[in-house]
Number of protein chains: 2
Amino acid sequence: MLRLSHLTDYGVVLLSQLAQEAPALVTAPGLAASTGLPAPTVAKLLKVLTHAGLVSSHRGAAGGYTLARSPVCISVGEVIAAIDGPLALTACVEGAVEVCKVESSCPIRGRWSKVNAALKHALSEISIAELATPGSPVHDMPAASGVALSH
Amino acid sequence: MLRLSHLTDYGVVLLSQLAQEAPALVTAPGLAASTGLPAPTVAKLLKVLTHAGLVSSHRGAAGGYTLARSPVCISVGEVIAAIDGPLALTACVEGAVEVCKVESSCPIRGRWSKVNAALKHALSEISIAELATPGSPVHDMPAASGVALSH
DNA sequence: TTTAATCTGGACCGAAGCGGTACCCATTGG
DNA sequence: CCAATGGGTACCGCTTCGGTCCAGATTAAA
Ligand code: FES
Ligand code: FES
């Protein structure tokens with residue numbers, strides 16, 4: 001139902017926690033403790049986030065993780081793309097690997113890309129810092145419109 | 001990977017096709033033929049869309065389906081909500097039924113709702129008509145930002 | 001009245017993706 | 001040399017999704 005995967009959710013949580021713990025070096029078990037997430041999952045996620053260049057790792061004894069950049073420079077979209085893969089709503093969006101089976105006789109051909117771009121843009125406008133800090137809406141989001149999107 | 005389900009994709013395709021076939025009454029097998037989608041799936045989807053009030057059904061011989069409203073008044077978000085369920089990115093977004101397991105010690109508590117609202121708004125701004133008609137961008141979408149969202 | 005076309009609702013099943021776990025290797029500071 | 005920590009990979013059970021099928025209700029037309 002257009003949900004984020006659990007891993008992605010937790011990934012954002014981890015980055016927010018790292019943002020709150022200032023420039024300190026935090027270990028994987030430490031993060032698991034402070035967030036309440038299961039330790040093995042945290043470790044797995046940190047590997048992925050490191051590989052994506054969102055966090056910096058320091059190996060060896062007394063090692064740990066830190067944010068690679070300022071939290072205001074990390075967008076939610078980047079985190080989603082790092083863990084869940086590139087944002088491609090359908091098979092027939094520009095950049096998707098697979099091809100749409102019914103592309104020949106489809107009334108909307110490549111026009112899904114417009115929706116995809118809109119979502120990409122919306123996600124790139126929200127930074128980890130906005131999610132980590134209590135106050136600060138920063139962006140004036142016009143209250144989700146009046147159209148009913150819930151059941 | 002933040003994909004739309006196949007059914008949802010097809011649902012939008014069906015509505016677009018209905019929008020193109022003017023106010024004509026189209027049968028389920030007819031829609032399957034014109035879109036190239038498997039007939040049983042089309043039938044299943046039309047039931048759901050009817051139940052959601054997006055299409056009108058006419059039973060009996062010479063029956064068929066029609067759009068319930070003008071295609072410009074049907075947003076992509078509505079279609080997604082009708083088929084995939086309400087847009088709730090995570091378990092801890094306002095309106096979600098389940099509760100987040102780590103809500104007590106979570107650095108971003110209910111702040112996911114901001115992201116959710118942004119996506120809802122983006123999806124409610126795009127109508128079926130925009131996807132069904134060849135021209136007309138209508139909305140000035142600022143080219144999906146520069147932030148890399150692909151792998 | 002009879003017939004045929006069409007929608008309605010529900011049940012069913014196989015396949016794929018996801019979440020979670022475990023294991024062992026590489027690196028580094030003490 | 002040793003202990004602590006990250007790095008990588010492989011595995012497995014569960015849930016969900018996509019797709020199919022069938023019996024029943026409804027209505028226009030012959
Ligand atoms: S659904 Fe893929 S091209 Fe239309
Ligand atoms: S992830 Fe649910 S409250 Fe933070």
Side-chain angles (χ1 to χ4, degrees), chain A residues 1-11 13-14 18 24-33 35-66 68 80 83-85 88-91 97-98 100-102, chain B residues 1-11 13-14 18 24-33 35-66 68 80 83-85 88-91 97-98 100-102:
Chain A
M1 25 178 144
L2 198 47
R3 295 186 72 98
L4 242 40
S5 83
H6 263 180
L7 279 309
T8 307
D9 181 359
Y10 294 165
V13 171
L14 288 179
L18 277 173
L25 211 58
V26 194
T27 70
L31 270 177
T35 58
L37 299 173
T41 301
V42 170
K44 185 183 203 171
L45 272 172
L46 286 171
K47 294 172 198 171
V48 177
L49 292 175
T50 302
H51 205 261
L54 295 177
V55 303
S56 298
S57 65
H58 298 255
R59 301 174 67 150
Y65 293 94
T66 322
I80 295 176
I83 303 179
D84 252 6
L89 280 185
T90 67
V97 285
E98 2 175 14
C100 182
K101 291 178 292 187
V102 294
Chain B
M1 24 178 145
L2 200 45
R3 295 187 72 97
L4 242 41
S5 83
H6 261 179
L7 278 310
T8 307
D9 181 359
Y10 294 164
V13 171
L14 288 178
L18 277 173
L25 212 57
V26 194
T27 70
L31 270 177
T35 58
L37 299 173
T41 301
V42 170
K44 185 182 204 172
L45 273 171
L46 286 172
K47 296 173 199 171
V48 177
L49 293 174
T50 301
H51 205 261
L54 295 177
V55 304
S56 299
S57 65
H58 297 255
R59 303 175 65 149
Y65 293 94
T66 323
I80 295 176
I83 303 179
D84 252 5
L89 280 185
T90 67
V97 285
E98 1 175 12
C100 182
K101 291 178 292 188
V102 295

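Below, read A as the first sequence line, B as the second, and so on, with proteins coming before strands; counting in each chain starts at 1.
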Shortest non-hydrogen separation from A:Thr50 to A:Ser57 and the atoms involved: CG2-OG, 3.7 Å
Pair A:Thr90, B:Asp9: side-chain N/O donor-acceptor within cut-off below 3.5 Å: no
DNA chain D: 5'-proximal contact among B:Tyr10 and A:Val26 (nearest heavy atom): A:Val26
Sugar-phosphate, base or nothing in reach of B:Ala43, heavy atoms under 4.0 Å: nothing
Near-strand residues of residues 51-62 of chain A, defined as heavy-atom separation under 4.0 angstrom from DNA chain C: A:Arg59, A:Gly60, A:Ala61
side-chain contact (heavy atoms from CB on, under 4.5 Å) involving A:Ala68 - partner list, sequence neighbours excluded: A:Ser56
Positional range of nucleotides in DNA chain C within the contact set of chain B, heavy-atom, under 4.0 Å: C:dA5 to C:dG20
Sole residue of A:Thr35, A:Leu54, A:Val55, A:Val13 in side chain to side chain contact (heavy atoms under 4.5 Å, CB included) with A:Leu18: A:Val55
NZ-OH distance between B:Lys44 and B:Tyr10, expressed to the nearest 0.5 angstrom: 13.0 Å
side-chain contact (heavy atoms from CB on, under 4.5 Å) involving A:Val102 - partner list, sequence neighbours excluded: A:Cys100, B:Leu37
Qualifying residues under side-chain contact (heavy atoms from CB on, under 4.5 Å), relative to A:Ala61, sequence neighbours excluded: none
Heavy atoms from other residues, nucleotides or ligands near NE2 of A:His51 exceed 12 (cutoff 6.0 Å): no
Nucleotide interval of DNA chain D bounded by contacts with chain A (heavy-atom cut-off, under 4.0 Å): D:dA4 to D:dG19
Considering all heavy atoms, the nearest A:Ala39-A:Ala32 contact: CA-CB, 3.7 Å
Inter-residue atom distance A:Leu4.CG - A:Asp84.CG, 0.5 Å rounding: 6.0 Å
